[in-house]
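Keep in mind it's a predicted model, so treat the numbers as computed, not measured. Worth knowing before you read on, the calculation uses all heavy atoms, side chains too, and leaves out hydrogens, waters and symmetry mates. Quick note: residue numbers are just sequence positions, from 1. For ligands, and for the atoms within them, numbers begin at 1 and follow the listed sequence.
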Amino acid sequence: MCGIVAYIGNKPAQSLLLEGLKRLEYRGYDSAGMAILSDRLHITRAVGRVAMLEEAVARNPLAGTVGMAHTRWATHGDVSERNAHPHRDDKHGIALIHNGTIENYAPLKTYLQEKGHRFASDTDTEVLAMLVSELYDGDLETAVQSALREIRGAYAIAVICEKEANTLVVARKGSPLIVGIGDKEFVVASDGSAIVAHTTQVFELDDYQVCKLTRDDFRTSTLDNVPVTPKIRQLEMELEQIELGSFETFMMKEIFEQPEALRTTMRGRIDEHAGQVVLGGVGSYARDLVRARQIVLTGQGTAYHAAMIGQYLIEDLAKIPAKVEYASEFRYRNPIIVEGTVLIAVSQSGETADTLAALREAKERGALTMGAVNVVGSSIARETDAGVYLRVGPEIGVASTKAFTGQVMVLSLISLFLARRRFMSVDACEVMLEELSRVPDMIEKALAENDHIKRVTEKYCRNENWLFLGRGYNYPVALEGALKLKEISYIHAEGMPAAEIKHGPIALINDGMPAVFIANKGPQYDKVMLNIEQVKARGGRVIAVATEGDQNIKRHADDVFYIPDISDALSPLLTVVPLQLLACHAAKLRGHDVDKPRNLAKSVTVE
Ligand code: G6P
């Protein structure tokens, strides 16, 4: 949610910031802005994509080697130039950009108005800019620390001041912020993708920390000005991972990256000789995990769907009672955490506000917490007791694809890790691990159907209402298929258990309505066939995801997407692939921006 990038060094800041903003655009794209400090403060803002800001600064270039830029996902105030960041005060020439939300902005605004400050926007951010200005007494770092002591909410901010041309101050609480250390220069950003082209030496700020940067040095402190020493680490990211290469969209690129990504997820984690899963990130908690009395899985969006599959896997394979819940519900529901509860937080970004809050709530109540997270060093990854990284590489497309299969893969590994240490025999575990290791090759085969999937999508993509139906392990995949279609193609789609249609949704079926059935060979295959017939009888058009070699399905379905033969428990890793491709083609055919769907942002750091 909102992307920020800031620079202090000796290079012209404008082009560097624009390049950084483009990398961060997946975080928000309703407006963008930039402030550069030279002899005075220059600000340019524009409604729309970063390209609009680029045009605006091209008309009126900003010279200077200190500056910052922002791409916005609106929370307070409509999408307009006056609400775009940076916000500034005129008294001291202070400019501020912000990712997050300030909860107590209303009383602070009244207080500042009484002090004579005039506001030009409807944002909570401008209140913070004015507060810094109000408290400014010749030292920007001190003013920022003082202002943040008055703030409730979440923030990653960058602040510059006309009166201190050699200073950049940044701070964070709840929203991510990474500082990249270069040679007499620093690049600060919401994530590593805006930094990696300049340096791979980075550190994260912790909550309630402020960092003052000059060209030669930096100083990190708490809000009470107690110095802290950050942990400097290597940013593990390659430039090519965040570039499109030969693909038209990041979503398509990431769908096709899945085989390689999952090979990396599994690397070093399967001990074939011992028929066991090895999870380094579980460390000394292995015993507590194996003895868990209850496992709660939580997440939002696509991660929630992966968590649902995790619940099925854990109960089915490891025989530990498991449940899944939206993090946004769990955190406010007064949930019961019995002794021996393990909470698994599933998240691509590791920054989703609700998931982070659910994790903290569970921890407070005595649960052991574990993360299934992609972004290394993210808040969830740092706050959990144990964790298993997805290792699928940066995911840029707003619609999550490779992170989903990465999450399901990690949850499969955790389930087998537990199962083998509880009731599963070495032989049974070996069989599943062998199959798991073939999943990347099988996804490659599923991807080879891409042209056929595109042709089928062309037939149906003008329909405005779709159903996605599955049973057992593939019920969450039906939900995920529907989510993928609706979020990028704006088609109304509902996912549900196939048996549930009789209880209402079947009333929606009219002539030609597409219903996507996940009908792989599994224990519920015959039941799915029954449900297909119920839809066909009412004029629905059936698209089925089926197992290679299944000729019978052709008698029932209008169109078929085949996947290789795989056991039911691991089938979601394959059945989701044609649905990802279908959604991607549908969005493209309908003329939408696949990577930047309207109203959405990739990393949701607000409630
Ligand atoms: C947003 C994204 C989804 C993602 C969800 C949870 O809604 O658009 O793709 O699944 O947040 O994000 P997380 O980073 O926690 O997996």
Check: Of all the non-hydrogen atoms in the protein, which one sits nearest to atom 2 (C) of ligand 1, and at what distance?
Finding: Lys602 O, 3.4 Å

Margin query: Does the Lys NZ or Arg CZ of Arg598 fall within the cation-pi geometry relative to Tyr490 - under 6.0 Å from the ring centre and within 45° of the axis?
Written below: yes

Margin query: If the condition is side-chain hydrogen bond (donor to acceptor under 3.5 Å, both in side chains), which residues does Glu260 pass it with, not counting sequence neighbours?
Written below: Arg263

Margin query: Would Thr302 count as being in polar contact with ligand 1, using the rule that some N or O on each side must be under 3.5 angstrom apart?
Written below: yes

Next item on the list: Using a strict cut-off of 4.0 Å, indicate which atoms of ligand 1 neighbour a heavy atom of Ser347.
Entry: 13 (P), 14 (O), 15 (O), 16 (O)

Checklist line | Residues that Glu395 engages under salt bridge (charged side-chain N to carboxylate O under 4.0 Å, His left out), provided they are two or more places apart | finding: Lys602

Checklist line | Option among Ile414, Val346, Leu343 that satisfies the side-chain contact (heavy atoms from CB on, under 4.5 Å) test with Met370 | finding: Ile414

Notebook entry, point to check: Which ligand 1 atoms does Ser400 reach within 4.0 Å, using its non-hydrogen atoms?
Noted result: 9 (O)

Checklist line | Given Glu254, Gln348, Gln407, Glu257, the one that forms side chain to side chain donor-acceptor pair (under 3.5 Å) with Lys402 | finding: Glu257

Note to self: Parallel, tilted or perpendicular, judged at 30° and 60°: which one describes the rings of Phe256 and Phe247?
What the structure shows: tilted

Checklist line | For Gln348, the ligand 1 atoms whose distance to one of its heavy atoms is below 4.0 Å | finding: 13 (P), 14 (O), 15 (O), 16 (O)

Item checked: atom 6 (C) of ligand 1 - nearest protein heavy atom and its distance -> Gln300 O, 3.2 Å

Note to self: Is Leu600 close enough to touch ligand 1? Criterion: a residue heavy atom under 4.0 Å from a ligand atom.
What the structure shows: no

Next item on the list: Consider only side-chain N and O atoms of Gln258 and Gln580, and report whether a donor and an acceptor are under 3.5 Å apart.
Entry: yes

Check: Taking only heavy atoms of Ala303, which atoms of ligand 1 are found under 4.0 Å from at least one of them?
Finding: 10 (O), 16 (O)

Margin query: Among all protein heavy atoms in this structure, tell me which lies nearest to atom 3 (C) of ligand 1, with the distance rounded to 0.1 Å.
Written below: Val398 O, 4.3 Å

Item checked: Thr352, any N or O under 3.5 Å of ligand 1 N or O -> yes

Margin query: Give me the nearest non-hydrogen protein atom to atom 7 (O) of ligand 1 as residue plus atom name, then the distance to 0.1 Å.
Written below: Val604 CG2, 3.9 Å

Note to self: Under 6.0 Å between ring centres: does that hold for Tyr105 and His76?
What the structure shows: yes

